[in-house]
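Nothing fancy with the numbering, it's 1 onward along the sequence.
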Amino acid sequence: MQGGNVPRAFRQYLDSDWGGMVTAIKASNLGARATATLLAGTILSGVVAPAEAQTAAKPAAPAAQPQAAPAPATPAVVRTIKSLRVEGSQRIEPETVLSYTRLRVGDNYTNETVDQAIKDLLASDLLADVQIEGVESGNLVLRIRENPVINRVVFEGNKRLKQDKIDKEIKLKPRQIFTRTAVRADIARIIELYRRQGRFAARVEPKMVSLDQNRVDVIFEIHEGAKSKVRQINIIGNEVFGDKKLRAQMATKVASLSHFLSSNTSYDQDRLAYDQQKLRQFYLTNGYADFRVISAVAELTPDKKDFIITYVVEEGPRYKFGPVTVDSAIRDFDDKKLAAALPIKEGQWYNAKAVEDTVEQLSETAGLFGYAFADVRPDFQRNKDALTMSMNFHIGEANRTYIERVEITGNRQTQDKVIRREMRVAEGDAFNTFLVKRSQDRINSLGYFQDKFEIERKEGSAPDRIVLGANVEEKPNGELTLSAGFSSLERFILQASIRQRNFRGMGQTASISADYSSYSKSVELGFTEPYLFDSNIALGATIFRRDYNSFNFGLNNTRNTTYRQVSTGFQLVAGLPLTEYWTLSARYYLAKDDVSLDKNTFYTDGKCDPFLAGRYYCEAVGNRLTSLVGLSLIYDSLNSRLRPTRGQRVSLGVDAAGLGGDVHYIRGRVDGAKYWGLGKGFVFSMTGEGGVIKSLDGTEVRITDRFYLGEPQFRGFDIRGVGPRVQRYQYTGDPASGTQALVTSRDQIVDDALGGKAYYLTKAELELPLGSGAAELGLRPSIYVQAGSLFSIRRPQTNNYFPAYIDPKTGLPGINKDGSPSLLPRPLNDTAGNALYTVPTGTFQGLNTTCTIGYAAAAGQPCVGTSINSRALNSTPIFYEQYRGSTASPRISVGVGVNWNSPFGPLRIDLAKAIVSQPGDDKKLITFNVGTQF
């Protein structure tokens, strides 16, 4: 309770006949003084005592009146306890009641003894009322009224604070004894809980409902109130930096529209102390070594709705670094060389963060030479006249350190050897900071343990011994995925997979997966052993069946299936580390591919019709066996394979198909990535990849073996939206009337991507940090720029399907007003190549025949009739094809994207714009994927 204001309902309980008023001892010899003392000691703190207590507490006479001579002290009357009896107990045994007093049969007592006994009984918090009778006779009767038992504790009005959180803090529980002390303490605890939420206007009113059998319900009526926001932050004494600049350094923010989603606009005392440290850190990193916060005061407004925070600061002068030296007691170090390699130089503005980084750098340097416990201490020499801060880094004498043992703890499932084989140091080795850090990165890259795992360093049994501790916290490594999602690439997706990344705790990976979407279906089994027979050789195997339907964008931007490719096969991969960072990988791939086209759509008289499908698709139809071997040389120094923040990776690979099988080509690929941690959560990366493929048997590389470029790897462009393609344009009008023209609307163009035999793609990306709350949700935004191209195929044959319209005036092929060639409908022939004619009238009207006059059911039969027939024409609308996009000129896009580990699976959203493109490219602004890996 605040300020001693006890609610009326609870005061009624206090004033009830059992609620805490101590009935005066019937032997009135105790006097008014003792009665007042007892009364005042039994009610809640701050409650005004009854009238008789107030009267008794008044002085006998004004101080100005003359004092009468003090009466001689009356000796205390001493009596003997003849008998003791307890009346009124229900749950408490009489012996227990007496044990709280010093009253014993046969002992002497006085009025003060009886007074103390009452105090002791009430202090036990077991009793609500105590009377002692028979004081004059010595036959003492202790009449008691027990405190009630709590039946239940009820909270009303708590919307912002759940009951389970309050229950953990309060002491009052059902079936416990009710006490006023516990009520006061619980009220204070509840109010403190609300204050932690920034609700300083919260009030708690306790109420009590009496039940039978001396039981009560305790009710806490809670008035939560609004959060107390920070209305204003005042800074006094700052001259160099403005208020806005300094407020930006603080975690606490002023409540405004720009911070309406922030939780830091409420007042928090711990955050206030943190902000003072942030201010000091800001000034110290900018050269103000004498800066100090004189005071920081948070004032609550009268309505308890807002806080006004006022800082009084003293900036002081700005310092520069003076001479920077190193004084090393370790003989292996050259002081001058160490000083020359330090990041801070004389004349630079003083920066406390740079000093900390220098201390860490020197410690790491000492660790590289085996001095694990080197003591690096910066010595500051301030010159207030010259405003310089001279620095001397003293490296204390230390022993070269050796690793006594490596302790691995916390791995309940993972075997020790899985962790130890990633360690680059072993027992007995000289300590090396770099190798310890590398071991830490390799263990993190496994992905089996908690994020930000670190190897602890502890002193060993001797000064030159160190113990390395790998205290891991295992994460769930088994994944069972049953998901449905939506992809801008494949529309609806169903996915089911089981994967164990640490199978049997031996670091093996076993997986089985099945995917289904509108354009692809696949089943895949995989197993990888990273250390075959405990050697450094990794071996993996995959068995698969993939059913893929390729598509183009037809009229009205609809997707039309072009060819279907069914692949069944397996792949073996082996890896051998050459050094710490270099690995040689070999693979063998064997697959049978069946490429087919829809016979109802693209076939004429049982054969693939280039007129309908395109010659490039007809050439791809058939069954082929691909037997391929490949090698890759990989350099990898990334600190994490999952989410790298520093290091680089380069891979050079070559594949050769032709070791048996029907396909013969050689393919080379290179890809690389480099990451820089810029501090404060910013990560910048540069990635690049490229490839080339060449046929070994003189034929053109199949369309199914070529490279493709577009969504999702090249954002800003649609799937297969970059590179060589054939686009079909429909015609309108009639060439004879001069109205024929191409339909150039994008959704009326049929677009067939042909792939390429060479490509390149680069990307520069900056990952942006978010607050801790967003990071826990798995949100990782980034901005990026990409450049790439796909090119180099043999030009396909186009525009030989329809005859040219011959201008009767010039005798030359006609040209339409939009520059396109004037074309006529395609004449129709039979399967033998004979020209067909259409019968205009009569019994056989509308039928096609080889007769120019009359009708014959089949070629070679006599023509019957006299009808003059016209040349039969194909019903397919006239179209014009253009080959576009085969250029090495770069396409460039810029964009922003967000990765989110959502409850529905990983999600990626990108907003990317192509700022440089080539004619024929398909651009796309927004892409997203849910339920698939990215």
Give a yes or no on whether [X] atom [atom1] has more than 12 heavy-atom contacts from other residues, nucleotides or ligands under 6.0 Å away.
X: Tyr274; atom1: OH; answer: no
X: Lys245; atom1: NZ; answer: no
X: Arg91; atom1: CZ; answer: yes
X: Arg412; atom1: CZ; answer: no

Between [X] (side chain only) and [Y] (backbone N and O only), is there a donor and an acceptor less than 3.5 Å apart?
X: Arg143; Y: Gln131; value: no
X: Glu315; Y: Val240; value: yes
X: Lys305; Y: Ala201; value: no
X: Gln213; Y: Arg215; value: no
X: Lys253; Y: Met250; value: yes
X: Arg247; Y: Ile233; value: yes
X: Tyr100; Y: Leu126; value: no
X: Asp268; Y: Asp270; value: yes
X: Gln440; Y: Ile455; value: yes

Check whether any side-chain heavy atom of [X] sits under 4.5 Å from a side-chain heavy atom of [Y], and report yes or no.
X: Asn238; Y: Asp243; value: yes
X: Leu779; Y: Val898; value: yes
X: Val313; Y: Ile236; value: no
X: Arg780; Y: Leu768; value: no
X: Thr301; Y: Arg231; value: yes
X: Ile309; Y: Val230; value: yes
X: Gln163; Y: Lys165; value: no
X: Leu122; Y: Ile118; value: yes

Which atom names give the shortest non-hydrogen contact between [X] and [Y], and what distance separates them?
X: Leu103; Y: Thr113; value: CD2-CG2, 3.8 Å
X: Arg196; Y: Glu169; value: NH1-OE2, 4.3 Å
X: Ala117; Y: Thr101; value: O-CG2, 4.0 Å
X: Gln90; Y: Glu146; value: N-OE2, 2.6 Å
X: Glu87; Y: Val141; value: CD-CG1, 3.7 Å
X: Val135; Y: Ile132; value: CG2-O, 3.9 Å

- Message: Is there a side-chain hydrogen bond (donor to acceptor under 3.5 Å, both in side chains) between Asp910 and Tyr784? Walk through the geometry before answering.
- Response: CA-CA 10 Å; Asp910 283 284; Tyr784 52 83; 2.8 Å; yes
- Task: Tell me, with the steps shown, if Phe282 and Phe241 meet ring pair (Phe, Tyr, Trp, His ring centres under 6.0 Å).
- Result: CA-CA 10 Å; Phe282 173 73; Phe241 298 104; 4.8 Å; yes
To the closest 0.5 Å, what do you measure between [atom1] ([X]) and [atom2] ([Y])?
X: Arg203; Y: Ile222; atom1: CZ; atom2: CD1; value: 11.5 Å
X: Gln276; Y: Ser295; atom1: CD; atom2: OG; value: 8.5 Å
X: Glu356; Y: Thr285; atom1: CD; atom2: OG1; value: 10.0 Å
X: Thr96; Y: Leu98; atom1: OG1; atom2: CG; value: 9.0 Å
X: Glu205; Y: Phe220; atom1: CD; atom2: CZ; value: 12.0 Å
X: Gln269; Y: Phe307; atom1: CD; atom2: CZ; value: 9.5 Å

Give the table of side-chain donor-acceptor pairs shorter than 3.5 Å for residues 153-161, with sequence neighbours excluded, one pair per line with atom names and distance.
from: Asn158; atom 1: ND2; to: Leu161; atom 2: O; distance (Å): 3.1

- Between Ser782 and Glu765: side-chain donor-acceptor atoms closer than 3.5 Å: yes
- Going by atom types alone, do Asp120 and Gln116 pair a side-chain donor with an acceptor below 3.5 Å?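 Result is yes, a qualifying pair exists.
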- Please determine which of Asp186, Leu172, Asn151 meets the side chain to side chain contact (heavy atoms under 4.5 Å, CB included) test together with Val218.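 When side chain to side chain contact (heavy atoms under 4.5 Å, CB included) is applied between Val218 and each of Asp186, Leu172, Asn151, only Leu172 qualifies.
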- Task: Could you please spell out the steps behind the side-chain contact (heavy atoms from CB on, under 4.5 Å) verdict for Tyr311 and Asp275?
- Result: CA-CA 10 Å; Tyr311 294 94; Asp275 287 340; 3.5 Å; yes
- Query: Would Asn471 and Thr409 count as a side-chain hydrogen bond (donor to acceptor under 3.5 Å, both in side chains) if you check the C-alpha gap in whole Å, the side-chain angles of each, and the deciding distance to 0.1 Å?
  - Reply: CA-CA 5 Å; Asn471 184 15; Thr409 56; 3.2 Å; yes
- Kindly determine whether Asn147 and Thr179 satisfy side-chain hydrogen bond (donor to acceptor under 3.5 Å, both in side chains), including the steps that lead there. CA-CA 7 Å; Asn147 271 329; Thr179 65; over 6 Å; no
- Take Glu314 and Arg292 through the test salt bridge (charged side-chain N to carboxylate O under 4.0 Å, His left out) and record every step on the way to the result. CA-CA 6 Å; Glu314 182 180 323; Arg292 64 192 184 101; 3.2 Å; yes
- Check against side-chain contact (heavy atoms from CB on, under 4.5 Å), Leu925 and Leu911: CA-CA 6 Å; Leu925 183 64; Leu911 177 65; 3.5 Å; yes
- Quick one: do Thr252 and Leu272 satisfy side-chain contact (heavy atoms from CB on, under 4.5 Å)? Show the steps, please. CA-CA 7 Å; Thr252 303; Leu272 182 68; 5.8 Å; no
- Query: Is it true that Asp217 and Arg152 make a salt bridge, defined as a side-chain N closer than 4.0 Å to a carboxylate O?
  - Reply: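 Yes.
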- Run the side-chain contact (heavy atoms from CB on, under 4.5 Å) check on Leu246 and Tyr283 step by step: do they pass? CA-CA 9 Å; Leu246 297 181; Tyr283 271 94; 3.6 Å; yes
- How about Phe200 and Tyr194: are their ring centres within less than 6.0 Å of each other?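 No, the ring centres sit 6.0 Å or more apart.
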